[in-house]
2 protein chains.
Amino acid sequence: MTVTIKDIASVTGVSYSTVSKALNDSPLVKEVTKRKILEVAKEMGYEPNLAAKQLVRKKTEVVGLIWPTIERIVLATLVTNITQAFKDTRYSMILSIDPMDTAMETFRKFQVDGMIIFEDDHSKVNEEITMPFVSYGVSGKKHANHPVIDANHEASMMKAVEHLVKLGHKHIAYAGLLQTKDQLQLEKYQGYKKAMKEHSLEPFIKEVETEGLDWFDGYSAVKTLLEEQERPTAIIGGSYDISGGILRALQEQNVEVPKDISLISYDNIPQMANMEIPMTCIGVPVDVLAQEIVESVLHRIEAPEKEATVKKLAPTLVERETCGKANR
Amino acid sequence: MTVTIKDIASVTGVSYSTVSKALNDSPLVKEVTKRKILEVAKEMGYEPNLAAKQLVRKKTEVVGLIWPTIERIVLATLVTNITQAFKDTRYSMILSIDPMDTAMETFRKFQVDGMIIFEDDHSKVNEEITMPFVSYGVSGKKHANHPVIDANHEASMMKAVEHLVKLGHKHIAYAGLLQTKDQLQLEKYQGYKKAMKEHSLEPFIKEVETEGLDWFDGYSAVKTLLEEQERPTAIIGGSYDISGGILRALQEQNVEVPKDISLISYDNIPQMANMEIPMTCIGVPVDVLAQEIVESVLHRIEAPEKEATVKKLAPTLVERETCGKANR
DNA sequence: TTGTAGGCGTTATCAC
DNA sequence: GTGATAACGCCTACAA
């Protein structure tokens, strides 16, 4: 049988209501008693019964995360970081990779207190959802009825360009998805163009448009690029995967990084450090992102009446070994 | 306020214990009463309170799925199918992409009734786990203390070879991970070799060893292969991703599939139908796999004393458009 | 066939 | 400070 507060009570010789208070760190119980109870509880391997707790509290202290498209590794990292961030709270998280509606059904059944939604198709996020939730990266519309956490993609790209410009680069290419309805991708591209313009530089466009966000997209885009007469001195990769492909393509063609071409990647995740050459990158650090998202849902859960905001997080540039001085 | 069985009781004019029985489809309640109660329940939007239920039942009817490495899309498909399979049961599933120990901690907290573990490193699966669980694809050791569901990889490959042989192929290459400790990969390779031997065919090895299981691994392996003098008339791709890369490499080199080279892929998932050319494939259909896994945990949960078995599922070949007659 | 009552593990509200 | 005790929503003997 599993151990309950009653068991602890009989062992410590106090009433179980006192045990309950002690376990909840109530100030209504003497320090000595509390310490002893806690000790015994640990000794007996006490594990609170969530069901009982939520039955009386009317709260599960669980939030559900809906993540319908598991492909992107960046998001996987974000999920892991979110799990981590929840560790510092009283809440737990459960995860669903099902489509929105199915996932929501599950979460309703589990009676979660709130949800986090990853979904890049904004239109699918039903504004009529009654449960507190925040969405990540769906800031397409300016006004939302729910909090949105997003990275400032434009600022990211501008920061990347500036970094390269400071290193003397003039021929800077952006390798990413250009022709798309995906707002996120468009914003990155906008940021790149804007920054180039501000520095009176010519964008280096056509040759490095990718077909997607995957490894191979970066790989083949850059392979095509290298066949051209003029090469850039620096490339900005639009995603972790794209940049991996770029790096590989460069190496296959014996282009030295960063000597011949500098490379900087979007997505600020720890894995960037483990690439064949540790990758300089730009973006909101994934742990910061996670932190913000978690804070945001919890806040929303505890103060649902508060106004919803679209929060764009500022990017950070992490210098590693793929960026160097321009050679022309 | 949410609706409870008491509310239903007062509306229908019966006691709430009768409602409870009706809701649980007990034979102790008259059909008419039952029907009416069910109807009212639906009308009122009754949703059973899991917490209350599990408090008395001492069961959560939830199983946890531990999936520490989210990369493989095949596994993602499997997870989705498992979720689906649970729909036909009273159980629900929660998912964790955390490392085993963290995930188990979470699941202990949620007091799941059992677990499904995806983990290819067998040694990490602690046999001392007290909770009922099954693992997928960890059949390295012959004897396990827990049920293991696995695909028969050897049989898969043999079936693939046989299919090609029937189409007249003699020069059959296998593109996959060869030098690895990964039991699963080794078994596939064994199966290939075994089948080739049985048909007195020469394996077509060295040139198509991949470095991993990814898209690019298939792509570059085949690119190298095509530089050789002698080409195979058929290639067996070791995974969904590998085969995708192979197909692309073939197309880039203007090799027609299946006219010039036939292609058959390991992994039997629906996505195979959506590739540039619908892909003939071999493997245990992912829905069958899911079904088996779910049945297995539930069985284990309900009859924990029963002996554990390693179950190797038989593969199915799905013919699509990448395999044709040999041209020499 | 239906209703009554006790209990599941916890929190919360009172007395003491 | 501490201890009874009543909920929370549901299930399940057992009584009617």
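Throughout, protein chains are lettered first and strands after them, A, B, ... in sequence-line order, and every chain is numbered starting at 1.
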OP1, OP2 of [N] versus side-chain N and O of [X]: anything below 4.0 Å?
X       : N      : answer
B:Ser20 : D:dC10 : no
A:Asn24 : C:dT11 : yes
B:Tyr16 : D:dT12 : no
B:Thr18 : C:dT2  : no

Inset, instruction - Could you give me the CA-CA distance, side-chain angles and deciding distance for B:Thr83 and B:Thr80, then say whether side-chain hydrogen bond (donor to acceptor under 3.5 Å, both in side chains) is met? - result: CA-CA 5 Å; B:Thr83 311; B:Thr80 309; 5.8 Å; no
Inset, instruction - Spell out yes or no: do the side chain of A:Ser17 and the base of D:dA4 have one donor N/O and one acceptor N/O closer than 3.5 Å? - result: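 Such a pair exists between side chain and base.
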How long is the line joining [atom1] of [X] and [atom2] of [N], in whole Å?
X        : N      : atom1 : atom2 : result
A:Ile5   : C:dA12 : CD1   : P     : 11 Å
A:Leu28  : C:dA12 : CG    : P     : 11 Å
A:Lys21  : C:dC14 : NZ    : P     : 13 Å
A:Lys58  : C:dT10 : NZ    : P     : 19 Å
B:Ile8   : D:dC11 : CD1   : P     : 11 Å
A:Ile37  : D:dG1  : CD1   : C1'   : 11 Å
B:Lys34  : C:dT2  : NZ    : C1'   : 14 Å
A:Gln111 : D:dC8  : CD    : P     : 15 Å

Legend entry - Residues A:Arg35, A:Glu39: salt bridge by 4.0 Å N-O rule: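 Looking at A:Glu39 together with A:Arg35, the answer is no, because their closest N to O distance does not fall below 4.0 Å.
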Measure from the side chain of [X], starting at C-beta and using heavy atoms only, and say which of [options] lies closest.
X       : options               : value
A:Leu55 : D:dG1, D:dG9, D:dA4   : D:dG9
A:Ala52 : C:dT10, D:dT2, D:dT12 : C:dT10
B:Thr33 : C:dT2, D:dG1, D:dC10  : C:dT2
B:Thr4  : C:dT10, D:dT2, D:dG9  : D:dG9

Legend entry - Axis deviation across the helix from C:dT1-D:dA16 to C:dC16-D:dG1, five-pair ends, to the nearest 10°: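 Taking the rotation axis at each end, their angle is 40°.
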Inset, instruction - Could you tell me whether a side-chain N or O of B:Lys34 sits under 3.5 Å from a main-chain N or O of B:Ser26, the two making a donor and an acceptor? - result: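 Side chain of B:Lys34 to backbone of B:Ser26, a donor-acceptor pair under 3.5 Å: yes, one is there.
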Inset, instruction - Please tell me which of B:Val56 and B:Lys30 maps to the more 5' nucleotide of DNA chain C, matching each residue to the nucleotide holding its nearest heavy atom. - result: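 Here B:Lys30 is the residue nearer the 5' end.
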Legend entry - Whichever of A:Ala51 and B:Val29 has its nearest DNA chain C nucleotide further upstream toward 5':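 The residue whose closest nucleotide sits nearer the 5' end is B:Val29.
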Inset, instruction - Let me know which of B:Ile116, B:Ile82, B:Ile117, B:Ile97 forms a side-chain contact (heavy atoms from CB on, under 4.5 Å) with B:Trp67. - result: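 Of the listed options, the one satisfying the test is B:Ile97.
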Legend entry - Sole residue of A:Val134, A:Asn81, A:Leu65 in side-chain contact (heavy atoms from CB on, under 4.5 Å) with A:Ile293: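 Looking at A:Val134, A:Asn81, A:Leu65, the match for A:Ile293 under the side-chain contact (heavy atoms from CB on, under 4.5 Å) is A:Val134.
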Inset, instruction - For A:Arg300 and A:Pro132, work out which heavy atoms get closest and say how close. - result: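 In terms of heavy atoms, the two residues are closest at CG-CB, 3.8 Å.
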Inset, instruction - Could you verify whether a donor N or O on one side chain and an acceptor N or O on the other, from B:Ser17 and B:Ser20, lie under 3.5 Å apart? - result: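 Checked: B:Ser17/B:Ser20 side chains show no N/O donor-acceptor pair below 3.5 Å.
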Inset, instruction - Kindly indicate, with the supporting measurements, whether the criterion ring pair (Phe, Tyr, Trp, His ring centres under 6.0 Å) is fulfilled by B:Phe86 and B:Tyr91. - result: CA-CA 6 Å; B:Phe86 271 115; B:Tyr91 286 72; 7.0 Å; no
